[in-house]
There are 2 protein chains.
Amino acid sequence: MTDYLKTIHKSKLFRKVPETDLEPLLEQLDSQLKFYRAGQVAVTAGRRVRRVGLILEGTFNMYEYDFWGREHHIDTLKSGMLLLENNAVSGTVTIHNYTAMESSVILWFNIREILRLDETHTSNTILIQSFMKELARKNLQLYTRLSDLDRMSTKEKLLSFLSKEALRHNSDEFDIPFDRKQLAEYLSVERSAMSAELSALAKAGYLETRRNHFKLLKPSLRTED
Amino acid sequence: MTDYLKTIHKSKLFRKVPETDLEPLLEQLDSQLKFYRAGQVAVTAGRRVRRVGLILEGTFNMYEYDFWGREHHIDTLKSGMLLLENNAVSGTVTIHNYTAMESSVILWFNIREILRLDETHTSNTILIQSFMKELARKNLQLYTRLSDLDRMSTKEKLLSFLSKEALRHNSDEFDIPFDRKQLAEYLSVERSAMSAELSALAKAGYLETRRNHFKLLKPSLRTED
DNA sequence: TTCAAGATGTTGGAATTCCAACATCGCTGT
DNA sequence: ACAGCGATGTTGGAATTCCAACATCTTGAA
């Protein structure tokens, strides 16, 4: 554990816990390090979850099986991200599976331990704050993508995504964090069709783009029409 | 406030707080009742959020405007649900707007107040537990829909949704909580096209359905082929 | 500078979905 | 039983998207 104290203390979750309090806190949380080799299954769907995992190193594939046994990718979880946080808090059974995509390390800990009524140290409160922030952050992130996918056409998905990017950068001109392939995957559409739609949008005067740089155009401000 | 104490105490959030502690707790949270008439805008995008809202009565439309000023519906929030919980916790600015769809009542309160390091009563811990559970529950709900929308075809969206319904009911035969119109809206596809796709799936031996009742069929167990 | 590989744009036919219009079904009230 | 209305299924043409194949552009390495 001590080998990873620094890494743990760098995570968003534990960053604000005073360094001297960290080790006793981890103790209180009944925490435990686990190591996974590439390809190793870390969590299987159907198990009741008690602990939350904090990924200290590595990457995990989060996926599910449908009724007919087909596998579907849900998310890719990287270092610093949490794992099973929702099920641990709500005391529910996961429907997801998690597999290490490379050599990885997870810190498992019992977040409910910190909510015990009789234990109320400063560090506990700090951790709870950080943990709640993580839950809220994830919620907002899911809402964001959901509102992009909740459209009937590629065009509308693109406009939804780009609108929010403009808002996020507080400018009508910005760089997006995806290349075309990643953007298509994010929007769940086919890459070349999306490319074509971007060209159509540019021709229609909605935007200008080159690589991952975009400039959105208001109808009245369009350079040409 | 006293008129609504019972309603507040019935909510998932405050249910577990001892009845005698409720009023002082609400006081501590700097809480406040607000009344909205049908059509009244409750929250406008762009404001930094401090308080969380608990809907005591009524319904709110949660929506956003895109870069070109077009309005898009995001969610419908009903009695007992929270409002701005994510932005309040993470201290971020909302990009959403909220409008009362009927005569409504919201209890606004400062959830961060409860995380103050010097205040650690039993009721606080209980509230924090409930609040975190709500965040986690919402997260799981968003993940669920996201994985349904994250497909390229109506067929796959349907199979994804139905798979999880089967899992939820722990049976290959179940009733879904939607009629066709609602299901189409949930999956962001066109109703009649979805209906046609359901017929095709039935013909292909994936399922049997009548109204909101479904039975999923494994290839090897299909009654015919 | 040149080359190779990856990223992006374009194209055409197949497949899917949208959309409107209409048929049928099923439930409810009379 | 019957009328009426909303829910559901079906259909055909228009529009969109998928998909594969290929052209062009960019970037990094040699």
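Proteins come first, then strands; the chains are lettered A, B, ... in the order of their sequence lines, and each starts at number 1.
Separation of the Tyr63(A) and Tyr65(A) ring centroids falls under the 6.0 Å cut-off. Two rings, from Phe14(A) and Phe131(A), have their centers 6.0 Å or more apart.
Atom NE2 of His213(B) and atom C1' of dG26(C) are 17 Å apart (whole Å).
With hydrogens and angles disregarded, a donor-acceptor distance shorter than 3.5 Å links the side chain of Arg48(B) to the backbone of Gly91(B). A donor-acceptor pair is defined here as one N or O able to donate and one able to accept, closer than 3.5 Å; no such pair exists between the side chain of Ser171(B) and the backbone of Phe174(B).
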One pair to check against ring pair (Phe, Tyr, Trp, His ring centres under 6.0 Å): Tyr36(B) and Phe60(B). What are the steps and the verdict? CA-CA 10 Å; Tyr36(B) 302 86; Phe60(B) 286 83; 5.6 Å; yes
Going 5' to 3' through nucleotides 7-19 of chain C, assign each nucleotide B (protein heavy atom under 4.0 Å from a base atom), S (under 4.0 Å only from sugar-phosphate atoms) or - (no protein heavy atom that close). SBBBB-----SSB
